[in-house]
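Side-chain atoms are counted along with the backbone in the values below, which use heavy atoms only and exclude waters and symmetry mates. Residue numbering restarts at 1 for every chain, and letters A, B, ... go by the order of the sequence lines.
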Number of protein chains: 2
Amino acid sequence: MNLESVDTEQLSLKKTLDIVCGKWRLYIVYQLGTEARRYGELRRMIPEVSEKVLVQELKSLVELGMVEKTIYGEVPPRVEYSLTRKALEILPTLRKLTAIGEVFLEP
Amino acid sequence: MNLESVDTEQLSLKKTLDIVCGKWRLYIVYQLGTEARRYGELRRMIPEVSEKVLVQELKSLVELGMVEKTIYGEVPPRVEYSLTRKALEILPTLRKLTAIGEVFLEP
DNA sequence: CGCGGTACTTACTTTTTAGTAGGTAGCGCA
DNA sequence: TGCGCTACCTACTAAAAAGTAAGTACCGCG
């Protein structure tokens, strides 16, 4: 094991944590799935999350390269969010993450 | 309104996040691996983490059912930490998590 | 002319997490 | 007698994340 591979592994871990950590982040990704969703649509799908946090999380997901934002110059305004190619690539893995918690759920 | 009361999938997701989230949590689990490690040994393996946070994280991991703490009534004191059966069960999955971040590392 | 719907933004408070810098107690060793 | 080693604990501060509540701007409809 050389220094490069150690460094890459720690970088990958950090990036992984950026993607999965956050009370609502993964849940929003799950809701997006393979569809493009409008902002209001997402809001109604996850009414427990505040608008501030939803907007903030969507912005972070865009910055992380997980989500694409499309603004249609229409009136009334239309904004759609969808998972990027890379996000779709890891979506099956992300969906399997609940298996980790399942092992620890008390019966 | 909380996630806990909804369904098993959301409960599993919450538990998963408890296990993987935290700047040092997964890293400590990786370092433990299949071995039993003494407190001071872990401290030297991860010198970047402060003692306060290391103790705190180990306590959380014990509460989560991820780690077993064994105190040997010796002098000088000896305390060993090791992954539980359940933790060992999910360890391969936890190690594969870096694959998520790898997809997003800029080349 | 106000109402509801579009998609946000802003200011502020609370809660959680992480980091800094010290202290504790028992024992072996020089 | 004081130092280092064991495995912690405590008080405090700083930073990050999450929650609350309100405001913004535009438009069609009645």
Contact check, side chains of A:L17 and B:L26, non-hydrogen atoms, under 4.5 Å: yes
pair B:R37-B:M45: side-chain heavy atoms closer than 4.5 Å: yes
Pair A:R85 + A:E89, salt bridge at N-O below 4.0 Å: yes
B:K23 NZ to D:dA14 P, straight-line distance once rounded to whole Å: 17 Å
Nearest-nucleotide pick for B:V53, side chain only, options being C:dA18, C:dC8, C:dT20: C:dA18
A:T8 vs B:L105 side-chain heavy atoms within contact, under 4.5 Å: yes
Side-chain heavy-atom pair A:Y30, B:L13 within 4.5 angstrom cut-off: yes
Dump every N/O contact between nucleotides 9-15 of chain C and the protein below 3.5 Å, one line per pair.
none

Which atom pairs, one a donor and one an acceptor, fall under 3.5 Å between side chains of residues 92-102 of chain B and the rest of the protein, sequence neighbours left out?
unit_1	atom_1	unit_2	atom_2	d
B:T98	OG1	B:R95	O	3.4

Backbone of B:R38 reached by a side-chain donor or acceptor of B:E41 within 3.5 Å: yes
Selection residues 46-58 of chain B - residue pairs positive for side chain to side chain donor-acceptor pair (under 3.5 Å), sequence neighbours left out: B:R25-B:E57, B:Y39-B:E51
Validation row: B:L91, B:V29 side chains within 4.5 angstrom (heavy atoms): yes
Nearest-Å distance for atom pair CG/P, residues B:L42 and D:dT6: 13 Å
Selected nucleotide, minimal atom distance to B:R44 side chain, candidates D:dT6, C:dA7, C:dA18: D:dT6
Interatomic distance, B:Q56 CD vs C:dT20 P [rounded to whole Å]: 14 Å
Ranges pairing with ranges for DNA chain C, where each run has three or more Watson-Crick or G-U pairs under 3.5 Å: C:1-30 with D:1-30
Between the protein and nucleotides 25-30 of chain D, which nitrogen or oxygen pairs are less than 3.5 angstrom apart?
none

Minimum-distance nucleotide to A:R38 side chain [options: D:dA7, C:dA7, C:dA18]: C:dA7
Options C:dA18, D:dT20, D:dA18, nucleotide nearest the side-chain atoms of A:E57: D:dA18
Sugar-phosphate only, base, or nothing, as touched by B:Y72 at under 4.0 Å among non-hydrogen atoms: nothing
Note, B:L64 side chain near B:K15 side chain (heavy atom, < 4.5 Å): yes
N or O in side chain of B:W24 less than 4.0 angstrom from C:dT17 OP1/OP2: no
Side-chain N,O (B:K69) to OP1/OP2 (D:dA7) below 4.0 Å: no
Distance, rounded to the nearest Å, where A:L54 contributes CG and C:dA7 contributes P: 11 Å
With sequence neighbours excluded, residues passing side-chain hydrogen bond (donor to acceptor under 3.5 Å, both in side chains) with A:R43: none
